[in-house]
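Contents: one structure, followed by commentary.
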Amino acid sequence: MTGRCNLQKKIKWYENDYIKMLNENVRDTSREYRRHPTESNQELLKTVCQVAREEKHLQDKCIYKTRAKIQITKGGRTRRLAHKDPKGRAEELIHKWSDAASSSSLPAEISKEQLLQHNDRRTKVKKSTDSSSLDDEYGEPITAQEVREAMKKGKSTAPGEDGVTYDILNALSKIGPSTSRRRLVHVEATREIEALRRQVHWGSTESSSTQSVPGKSTSTQSVPGKSTSTQSVPGKSTSTQSVPGKSTSTQSVPGKSTSTQSVPGKSTSTQSVPGKSTSTQSVPGKSTSTQSVPGKSTSTQSVPGKSTSTQSVPGKSTSTQSVPGKSTSTQSVPGKSTSTQSVPGKSTSTQSVPGKSTSTQSVPGKSTSTQSVPGKSTSTQSVPGKSTSTQSVPGKSTSTQSVPGKSTSTQSVPGKSSSTQSVPGKSTSTQSVPGKSSSTQSVPGKSTSTQSVPGKSTSTQSVPGKSTSTQSVPGKSTSTQSVPGKSTSTQSVPGKSTSTQSVPGKSTSTQSVPGKSTSTQSVPGKSTSTQSVPGKSTSTQSVPGKSTSTQSVPGKSTSTQSVPGKSTSTQSVPGKSTSTQSVPGKSTSTQSVPGKSTSTQSVPGKSTSTQSVPGKSTSTQSVPGKSTSTQSVPGKSTSTQSVPGKSTSTQSVPGKSTSTQSVPGKSTSTQSVPGKSTSTQSVPGKSTSTQSVPGKSTSTQSVPGKSTSTQSVPGKSTSTQSVPGKSTSTQSVPGKSTSTQSVPGKSTSTQSVPGKFTSTQSVPGKSTSTQSVPGKSTSTQSVPGKSTSTQSVPGKSTSTQSVPGKSTSTQSVPGKSTSTQSVPGKSTSTQSVPGKSTSTQSVPGKSTSTHSVPGKSTSTQSVPGKSTSTHSVPGKSTSTQSVPGKSTSTQSVPGKSISTQSVPGKSTSTQSVPGKSTSTQSVPGKSTSTQRVPGKSTSTQRVPGKSTSTQSVPGKSTSTQSVPGKSLI
C-alpha cells in the first residue's frame, strides 16, 4: 500500500515539517496494517494515503501561486492567459482595423485634398501615356535603364492583372544582356503602361454628377468597384457608399444620427439621439448590443453556448456570464466587491470590502474558508476525519491539525518555532529559537529533556528512584547522579578533574590539576585539609579548642598556633626574623633585619614605638590627651606636638624657617626665606593669602561664593573676581583697557584702545564680533551652518551671508543696488539703478537675462539648441524663437498681429487685423494663400503649371482651376 502513495519520491519543496508529519502518519498506518492486516486498517491506510496525496497536491498549488505572486511583485514577466475565443477576437480586430484604415473614415478636409491630388495625378499620367504629346517632358520614351532602376525599387508583392511579379522580372534580368530579355522587359513595361492607361483614361472608368437646387444638394460619384452618393437638404444629410462586399449608409437629422454598415457575415448599426446612444453588431454566431444613457450603460453579448451581460450605473457595476454548466456573477459597489461562481459539484463565493477579504469554497466532502483582514489571515479546511486550521498575523503563524488519535499544533514567530504532538501514551514538544533548541518527551514512568545551544548541550533523564543529568560545553564535561542515600558529582575540564561524593556522616572532595593535588575530608568533630604543589606543602587541622597550620616552602617556614587566650606566630626567612605574641592586655611585636631594629609595644593607655637606622632616629609616644613625635636627621630637625584644641609644628633647615599653628576656628602658616615672605591665614568662611617679593605684590582672598585676586607690578594692574556662575577679569596698561566676563553659556570680551573699540560675544551655537573705528563699522555673526558679515562705511553698505550650499552677497551705494546669490549648479545676479533693472540667472545648460528700463523690457533665454528673445515697448510686443532647423517670430501691435515660421523647405506667415485674416504657406514648388473676411473666404494654391482658386460665401462656393491653355470652373 505504501508503494501506491509514492512516498519515496523526493521533491525539494516537500522538505518541511507538515509534509514530514504526513509521511510519518502514512508510515505509522502502514506499519499498523502490516502488523494487523484487517479490513478496517486497510480502509484507514487508504484514507490516510488519499489525504496525504491531496494535501501534497494542495501545497504544490499554493507554492506555485505564491511563486507567481512573488514574480509579479518583483516585476517579472508572467505568461498571459490565452483568449477564450481567439478566432472571434482576431476577426473583430481585423474589422476594426479595416474600418479605421478605410478612406471613408478620413475627415472631410483630407478626403477633399485626396480628391484634388487624385485629379492632379490623373492629369500627369494622361500626359505621360498620350503618345501624341511628345513635345513635353512626359512624352519621352522609357529606356531599358529606367525600367531596370524602377524594378530595383520594387518589392515582392502580389501579382497584378497580368500575373507577373517583380521577382519574375528580377530573375529574368539576371539571365544576361540578351535581345530576348530586353524584348521581354519592353513587353512587360508596355503591358504595365497600358494597364495604367486603361485605369486613368478620361471618362472611361469614373463618373461624377453634382446637382444643386435651392434647399437641396445632390452629389453622385462612381468609380470601378465603388459608388458614392451624398444628398443634403436643410435639416437632413444622407450619405451612401457601396464597394464590393461592403455597404455603408449615414443619415443625420437635428438631434439624431444613424449609421449602418454591412459586410458579408457582419452587420453594424449605430444610432445616437441626445441623451441616448445605441450600437448593435451581428456576425454569424455572435450578437452584441450596447446602450448608453446618462447615468446608465448596458452591454449584452451572445454567442452559441455563452451569454454575457454587463450593466453600470453610478456607484454600482454588475456583470453576469453564463455558459453550459457554469454561472458567474460579479457585483461592485463603492467599498464592496462580490463575486459568485457555480459549477456542478463546486460553489465558490468571494467578497471584498475595505480592510477585509472573504473567500468560501465547497465541494462534496470538503469545505474551505479563507478570511483576510489587514495584519491577519485565517484559513480553515475540513474533510471527513481531518480538520486543519491556519492563522497568520504579522510576526506569528499558527497551524493546528487534528485526526482521530493524534493532535498536532505548530506555532512560528520571528526567531522562535514551537511544535507539539500528542498521541495516546506519548507527548512530544519541540521548541527552537536562534541559537537554542529544546526537546521534551514524556512516556509513562520516564521523562526525558534535551536542550542544545551553541557550545552547550544539556540532557536530563528521570526514572523512579534515579535521576541523571549530563552537561557538556567545549572543554568542560559535568555529570551528576543521585540515588537514595548517595550523591555523586564529577566534573572534568582540560587539565583539571574534580570529584565529590557524599554519604551520610562523611563528605569527601578530591581535586587534581597538573602540579597540584588537593584533598578535603570531613567527619563529625574533625576537619582535615592537605594541599601539595611542587616546592610547597600546606597542612591544616582543626579539632575542638585547637587550630594548627603549617606551611613550608624552600627558605621559609611559617607556623601558626592558636589556643584559647594566646596566639603565637613565628616566621623565619634567611636574614629576617619576625615574632608576634598576643595575650590579653598586651601585644608585643619584634622585627630584626641587618641594620634596622623595630620594636612596638602596646599596653592600655600608652603606645610606644621606636625605630633606629644608621643616621636617623625616630621616636613616637602617645598617651591620652597628648601626642609627641620627634625626628632628627643631620641638618634637619622636626618636632610635632598635639594637645586637645591646639596643634603646633616647627621645622627648621638652614636658610628656611616654617611654622604652622592650628587652633579651633583659625589656622596660621608663616614661611620666610631670604627675599620672600609668605603668610596664609584661614578662618571659617574666609581665606587670605599674601605674598611679597621685590617689585611685585600679590593678594588672594576667598570667601564662600566669591574669590578675589589682585596683582600689581609697575605699569600693569590685574584684577580677577569669581562668583558662582560668573567670572570677571580686568587688565589695564597705559593706553589699553581689556575686560573679560564669563557666565555659563555666554562669554563677553571688550577691548578699547584710542580710536578703536572691539567687542566679542560667544554663546553656545552663536558667535558675534563687532569692531568700530572712525568712519567704519564691521559686524560678524556665526551660527552652525550660517555665517553673516556686515560692513558699513560712509556711502557704502556691504552684507555677505553664507550657508552650506548657498552664498548671498548684497552691496548698496547711493543710486545703485547689487545682489548676487550662488547655489550649486545655479548663479543669480541682480543690479538696480534708478530707471534701470538687470537680472541674470545661469544654471547648467540654461542662461536667462532680463533687462528693464522705463518703457522698454527685454528678456533673453538660451538653452543648448534653443534661443528665445522677447522685446516689449508700449504698443508693440516682439517674440523670436530659434531652434536648429526652425525659426519662429511673432509681432503684435494694437489692431494687428503678425506671425512668421520658417523651417528648411517650408515658410509660413500669418497676419491678422480686425475683420481680416491672411495666411501664406510656401514650400518648394507650391504656394498656398488663404484670406478670410467676415462672410467671405478665399484660398489660392499655385504649383508649377497649375493655379487653383477657391472662394466661398454663405450659400455659395466657387472653385477655379487654371493650367496652361485650360481653365476649369
Side-chain angles (χ1 to χ4, degrees), residues 1-35 41-71 359 361 363 365-370 372 377-393 395-424 426-434 436-441 450 452:
M1 296 300 296
T2 55
R4 297 181 182 179
C5 297
N6 197 17
L7 296 177
Q8 303 302 324
K9 185 177 180 180
K10 294 295 182 180
I11 301 178
K12 59 182 180 180
W13 60 262
Y14 274 6
E15 298 302 326
N16 56 57
D17 294 338
Y18 184 60
I19 296 301
K20 291 180 180 179
M21 184 194 67
L22 293 176
N23 294 337
E24 184 179 355
N25 290 343
V26 175
R27 286 193 295 268
D28 293 342
T29 310
S30 301
R31 194 179 299 111
E32 184 67 21
Y33 175 71
R34 286 195 299 270
R35 292 176 182 176
N41 288 342
Q42 184 178 5
E43 292 297 328
L44 179 60
L45 179 58
K46 290 181 179 180
T47 304
V48 172
C49 289
Q50 181 66 23
V51 171
R53 188 179 297 108
E54 292 179 356
E55 288 300 320
K56 292 177 183 179
H57 180 66
L58 180 61
Q59 282 214 359
D60 190 11
K61 293 176 63 178
C62 293
I63 290 176
Y64 176 78
K65 292 180 180 179
T66 304
R67 289 176 178 172
K69 291 181 180 179
I70 292 174
Q71 191 71 11
S359 174
Q361 184 177 3
V363 297
K366 183 175 180 181
S367 174
T368 303
S369 174
T370 303
S372 175
S377 175
T378 305
S379 175
T380 304
Q381 184 177 3
S382 174
V383 296
K386 181 178 179 182
S387 174
T388 303
S389 174
T390 303
Q391 184 177 358
S392 175
V393 296
K396 184 176 180 180
S397 175
T398 304
S399 174
T400 304
Q401 184 179 5
S402 174
V403 295
K406 186 174 181 179
S407 174
T408 303
S409 174
T410 303
Q411 184 177 1
S412 175
V413 296
K416 183 176 180 180
S417 175
S418 300
S419 174
T420 304
Q421 185 177 3
S422 174
V423 296
K426 184 177 179 180
S427 175
T428 303
S429 175
T430 303
Q431 183 178 0
S432 174
V433 297
K436 184 176 180 181
S437 174
S438 300
S439 175
T440 304
Q441 186 177 3
T450 303
S452 174

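All values below come from the heavy atoms of this structure, side chains included, with hydrogens, waters and symmetry mates left out.
To the nearest 0.5 Å, atoms OG1 (T388) and CG (L58) are separated by 9.5 Å. Taken from CG in N41 to NZ in K46, the straight-line distance is 12.5 Å, to the nearest 0.5 Å. Interatomic distance, T47 OG1 to Q42 CD, rounded to the nearest 0.5 Å: 10.5 Å. Atoms OG1 and CD, on T410 and Q421 in that order, are 9.0 Å from each other to the nearest 0.5 Å. Atoms CG and OH, on L44 and Y33 in that order, are 11.5 Å from each other to the nearest 0.5 Å.
Considering every non-hydrogen atom in both V26 and L45, the closest pair reads O-CD1, 4.1 Å.
Each salt bridge (charged side-chain N to carboxylate O under 4.0 Å, His left out) pair with one or both residues in residues 404-420, not counting sequence neighbours, would appear here, but there are none.
With sequence neighbours left out, the side-chain contact (heavy atoms from CB on, under 4.5 Å) criterion links S412 to S397. Not counting sequence neighbours, the partners of E54 by the side-chain contact (heavy atoms from CB on, under 4.5 Å) test are Q50. Applying the side-chain hydrogen bond (donor to acceptor under 3.5 Å, both in side chains) test to E24 and every residue at least two apart in sequence or in another chain returns nothing.
Residues R53 and H57 have side chains not in contact (no heavy-atom distance under 4.5 Å, counting atoms from C-beta outward). Here the side chains of N23 and K56 are in contact, with some heavy-atom distance below 4.5 Å.
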Hey, mind stepping through Q401 and L22 against side-chain contact (heavy atoms from CB on, under 4.5 Å) and telling me if it holds?
-> CA-CA 11 Å; Q401 184 179 5; L22 293 176; 4.2 Å; yes
